[in-house]
Amino acid sequence: MEITREKALSDLSEYVDSDSLMKHSLAVEASMMKMAEVFNEDENLWGCCGLLHDIDFQKYPDRHGEVGYNILTDKGYDIEFCKAIKSHCDLTNVNRITNMSKSLYAVDQLSSFIVACALVRPEKFVGITSKSVKKKLKDKAFARAVDRDELQKAADELSIDITILIDYLIDGLIKREKYLNDLGLSLL
Ligand SMILES: [Fe+2]
């Protein structure tokens with residue numbers, strides 16, 4: 001089955017109508033497209049992986065990962081693609097072997113953290129740097145739900161220095177924000 005963004009978005013809309021989860025999905029899509037560029041992989045495929053990674057989270061939060069895997073395999077998505085999505089939930093105990101799965105794990109929370117940083121800046125994404133994001137990482141009161149150790153662990157698994165990873169994601173998110181703004185949408 002050919003995985004198109006149109007299909008991924010339509011499948012996602014069947015299960016997600018929360019504005020915040022949709023924005024998170026778009027941010028992870030943007031980040032995965034950037035990581036595909038970094039690894040010289042298929043930006044469309046990786047973007048769809050990001051877009052669909054939390055397809056089950058709104059309706060089945062207690063079985064997140066397992067249900068998403070079943071939904072996506074039933075819909076005919078490629079097994080490796082579905083496994084990458086399943087593996088981003090630690091509870092499923094699926095090893096992250098591919099760069100796609102390691103990237104998804106690494107960008108999931110980090111992209112949300114960068115979006116949270118942009119939201120509190122008057123200029124939003126304009127002028128945001130890895131230095132300012134790292135300053136916020138040290139501020140434990142900011143976005144306290146984000147586990148800093150987990151972010152570091154995920155970057156280590158991917159073998160990319162966290163500062164470089166933040167720079168990649170800032171670039172990917174800003175590019176995507178411009179594209180979304182032209183469509184009357186936003187990551188923020
Ligand atoms: Fe997520």
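For this chain, numbers begin at 1 and follow the sequence in order. Note that these values count all heavy atoms, side chains included, but never hydrogens, waters or copies made by symmetry. Atoms within each ligand, like the ligands themselves, are counted from 1 in listed order.
For the pair Lys34 and Glu43, the salt-bridge criterion is not met [side-chain N within less than 4.0 Å of a carboxylate O]. Of the charged side-chain nitrogens involved, at least one lies within less than 4.0 Å of a carboxylate oxygen, so that Glu14 and Lys75 count as a salt-bridged pair.
With the Fe ion (ligand 1) as vertex, Asp54 OD2 and His53 NE2 subtend 90°, rounded to 10°.
For His53 and His64, the distance between ring centers is not under 6.0 angstrom.
For the Fe ion (ligand 1), the set of nearby N, O or S atoms under 2.8 Å includes none belonging to His88.
In Asp108, the N, O or S atom that comes nearest to the Fe ion (ligand 1) is OD1.
Between Met35 and Ile160, some side-chain heavy-atom pair lies under the 4.5 Å cut-off.
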